[in-house]
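Positions are given from 1, in the same order as the sequence printed here. We count ligands from 1, going down the list as the structure has it; atoms in each ligand are counted the same way.
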Amino acid sequence: MYAKVIVDIPALSLDKAFDYKVPENYQLFIQVGMRVLVPFGKRKIQGIVWQLTNETDVEQVKTIAELLDPYPVLTNELLRLGEWLAKETTCFLSSAYGAMIPSAIRAKPKKMIQRQVKKEQLPPVLQAVFANKQSVLWKELPKEAAFLSTLKQEIERGHVVVDYVLKNKIEKKTILCVRLVKTYTDEEIAKSIHPSAKKQRKMLEWLQERSAEDWVPVKDVLAQTNTSMSVVHTLVEKGFLQKEKREIYRDPYEHRNFEVTTALSLTSDQARVLTDIEKAITEEKARTYLLRGVTGSGKTEVYLQAIEHVLQKGKEAIVLVPEISLTPQMVERFKGRFGSLVAVLHSALSQGEKYDEWRKILKKEVKVVVGARSAVFAPFENIGLIVIDEEHESSYKQEDHPRYHARDVAIWRGKYHRAPVLLGSATPSLESYARAMRNVYQLLELPSRVNRLPLPHVDIIDMRQELKKGNRTPFSETLFQKMKERLEKKEQTVLFLNRRGFSTFVMCRTCGYTAECPHCEITLTYHHTGRLLKCHYCGHEEPLITTCPACSSEQIRFFGTGTQKVEAELTKLLPEAKVIRMDVDTTSKKGSHEKLLQAFGKKEADILLGTQMIAKGLDFPDITLVGVLAADTLLHLPDFRAAERTFQLLTQVSGRAGREKRPGEVVIQTYSPDHYSIQHAKSHDYIQFAQREMYQRKETGYPPYYYMTLITVAHEDVMKTMKTAENIAKFLRHQLSSETKVLGPTVSPIARIKDRYRYQCMIKYRNEPSLKQTLGKILQHYQQEIEREHLLISIDNNPQMFM
Ligand SMILES: Nc1ncnc2c1ncn2[C@@H]1O[C@H](COP(=O)(O)OP(=O)(O)OP(=O)(O)O)[C@@H](O)[C@H]1O
Ligand SMILES: [Zn+2]
Ligand SMILES: [Zn+2]
């Protein structure tokens with residue numbers, strides 16, 4: 001027997017399966033999707049078993065050194081998905097698989113098997129290895145064929161399960177727990193416990209009341225009953241209690257009680273939408289739905305009830321939300337409805353927490369995954385629905401290998417499982433909207449807010465006029481007046497400041513010197529915490545300068561209106577207002593994000609001031625005013641989606657106001673008050689905006705009318721970079737059809753990153769069936785230089801960023 005193995009080396013020449021002989025003893029046990037250690041040149045490296053065959057063309061075939069998993073880490077479906085992903089995004093198969101296996105599992109955990117039944121129910125060979133233990137390390141198991149095949153059977157029967165335990169820091173947490181053997185009557189207690197043994201009584205009573213027969217951590221029992229360990233020992237001896245070290249999951253939400261919620265009775269619009277989705281779930285229709293619902297129209301409630309339907313069918317659901325809107329509020333709504341059936345995956349979790357959440361999925365203990373982009377790879381095997389909330393968000397596209405879009409992956413998986421995909425947004429991406437218009441997706445709409453509340457009234461303030469009037473504060477007169485009114489009425493205000501384009505940098509006022517990263521062509525950003533200057537691209541940091549390195553002047557100033565500066569102005573102008581500031585600095589500590597929002601929810605502050613992270617998902621009833629301090633920051637980015645992003649962001653932020661009972665107001669401050677994206681945001685008119693923007697895209701030849709591929713070349717030698725980019729452009733022009741446009745090469749917007757110079761070419765095309773193949777040829781051509789000379793050629797299909 002032979003295995004075709006995808007070895008874990010990201011280089012093109014290796015991007016195919018290698019044949020290895022499967023040793024006799026593993027033959028019955030090995031499965032596709034397991035990881036193996038294989039000899040490769042002089043080293044041993046990891047790989048994934050991709051196929052098992054009975055023959056090979058290779059003459060001197062090497063043998064698998066070690067089987068690393070007792071259980072496949074990738075399902076058959078995910079293996080196929082990886083192949084598709086590699087082709088679709090022009091990446092290595094090993095990178096595609098790498099993206100699907102969570103980093104916690106890649107970090108070489110210990111593998112164990114755990115028995116789920118009484119020892120006596122196991123075959124004798126297994127009884128022997130378990131002896132008195134509940135679980136045994138994979139490493140310590142016999143590796144004879146007979147044993148392994150018995151083990152496989154027992155795994156398939158569910159008598160034994162496979163488990164992964166992380167080494168060192170992130171080891172599985174176990175703590176000492178106790179529980180009552182049964183519930184006791186007063187007489188039983190009186191009979192065996194002397195009236196003077198007050199502490200024993202107290203502990204028993206507490207346990208009866210608190211936990212019945214559930215396990216409780218000993219430390220909680222001792223703390224709550226004010227007793228000591230000796231009491232526990234006595235009660236165990238007397239046979240009242242059982243004591244055991246129990247595994248506890250590192251549940252990031254363990255200290256929170258989620259208010260249990262039940263399905264709300266739907267508005268007629270919601271009901272209409274839900275009927276369509278439920279039908280698709282029941283009929284196993286792999287259709288993609290685009291749910292366009294204005295802010296506060298109750299999209300989330302529709303997701304929740306659709307998922308309820310999925311669970312009733314005995315299936316599983318994946319819900320993707322953008323990282324920044326994966327707020328406690330959002331999590332709460334899913335946990336509140338589905339309780340412990342929900343796993344949450346996002347980047348703020350510790351390695352150990354991520355690992356625990358992932359294990360719950362693998363062990364089929366959860367049915368719903370709520371997570372950011374990579375949660376789309378959740379190893380469920382019976383998916384009934386995939387939801388993508390805020391589908392227009394650019395963070396659904398991974399900007400690194402593999403450059404996949406979660407939407408495409410979701411649709412692929414939907415087809416595989418014959419499950420519908422539900423894309424939701426108040427401001428769908430033009431790409432999705434265009435597909436809905438062509439009936440590729442089915443459009444569903446929630447045109448008004450729940451309870452018929454009006455969308456907020458929007459004022460647009462021309463900041464040029466403010467400057468003429470002599471107002472040099474960040475707040476227009478109108479906004480300032482409205483904030484004061486809110487303070488008097490004890491209502492809340494949200495102030496939004498877009499971080500991008502507003503990062504604080506330092507500049508010498510005498511000679512104009514700005515601090516730049518020595519490795520990247522980009523200005524350093526000032527971070528208040530630690531008083532550091534940091535590079536956002538390579539992580540380089542240096543202490544804040546106070547004298548200019550160029551002219552020795554001490555006139556060093558901060559530029560850009562950061563949140564800190566706005567906060568300082570607020571304190572000066574509205575000293576009585578309590579302000580909560582949310583930005584990278586105040587939320588860098590774990591849990592701080594949640595705490596700040598909770599405080600605001602409890603009305604401990606009047607004003608919430610923040611960056612993008614407050615634009616989404618907030619649902620607080622007392623917010624009646626939203627101020628956008630500078631709407632232009634996104635508008636002038638060198639990106640054809642600038643207008644779309646501006647419209648989306650303004651609509652989202654405005655949507656935070658007036659969501660319950662009291663109507664909301666929005667003040668948008670801008671230097672371009674007449675721009676159509678700002679004007680249409682004022683009138684909450686998505687359709688008008690979309691039509692106008694579509695026209696623009698058609699005229700200028702951008703998506704959704706054209707597809708784009710961005711090729712970036714980077715190397716330490718600027719001449720070599722230029723030359724390579726030129727050759728690539730020439731080759732493309734020669735190979736591709738005459739209707740396709742190849743633009744460039746030009747210097748990338750960020751001309752140097754990590755000491756490598758960067759040039760880019762852009763391909764715009766409508767129909768280019770041989771494109772992927774041509775791109776593959778380019779990579780092949782430069783393969784040696786990529787491997788040996790640090791040449792970088794990155795290919796980004798449907799890019800979201802142009803840096
Ligand atoms: N059928 C309903 N009856 C009563 N209240 C509802 C109903 N549906 C939703 N709500 C409430 O209305 C508010 C807004 O709903 P939700 O947050 O789901 O809207 P959304 O469309 O997801 O909004 P956004 O896109 O702005 O985040 C929530 O507080 C929610 O609990
Ligand atoms: Zn200077
Ligand atoms: Zn840098």
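Note on ligand 1: Gly296 sits in its first shell, one or more heavy atoms being nearer than 4.0 Å. Taking a 4.0 Å cut-off on heavy atoms, Gly424 fails to register as neighbouring ligand 1.
Among Val294, Leu264, Thr295, the residue whose heavy atom lies nearest to atom 2 (C) of ligand 1 is Leu264. Among Pro621, Ala426, Ala271, Gly298, the residue whose heavy atom lies closest to atom 15 (O) of ligand 1 is Gly298. Of the candidates Met330, Arg333, Lys299, the one placing a heavy atom closest to atom 17 (O) of ligand 1 is Arg333.
No more than 12 heavy atoms of other residues, nucleotides or ligands sit less than 6.0 Å from atom NZ of Lys698. Sparse packing is recorded around OH of Tyr707, with 12 or fewer heavy atoms of other residues, nucleotides or ligands lying under 6.0 Å away. Heavy-atom contacts from other residues, nucleotides or ligands closer than 6.0 Å to NZ of Lys285 number more than 12.
Here the closest non-hydrogen pair linking Val376 and Arg413 is O-NH1, 2.7 Å. Minimum heavy-atom separation, Lys313 to Ile281: CG-CG2, 4.5 Å. The heavy-atom pair separating Glu391 from Ser432 by the smallest distance is OE1-OG, 2.7 Å. Among all heavy-atom pairs drawn from Met483 and Leu570, the shortest one is CE-CD2, 4.1 Å.
Atom numbering of ligand 1 starts at 1 in the shown order; those under 4.0 Å from a heavy atom of Thr267 are 1 (N). The atoms of ligand 1 that sit less than 4.0 Å from any heavy atom of Ser265 are 1 (N), 2 (C), 3 (N).
For Val450, no nitrogen or oxygen atom sits less than 3.5 Å from a nitrogen or oxygen atom of ligand 1, counting backbone and side chain alike. Taking distance alone, with nitrogen or oxygen atoms compared against 3.5 Å, Glu390 stays at or beyond that limit from ligand 1. Inclusion of Arg656 in the set of residues having an N or O under 3.5 Å from an N or O of ligand 1 is warranted. Taking any N or O of Gln652, backbone or side chain, none lies under 3.5 Å from an N or O belonging to ligand 1.
The distance between the ring centers of Phe377 and Tyr404 falls below 6.0 angstrom.
Contacts of Arg449 with ligand 1, taken as heavy-atom pairs under 4.0 Å, are absent altogether.
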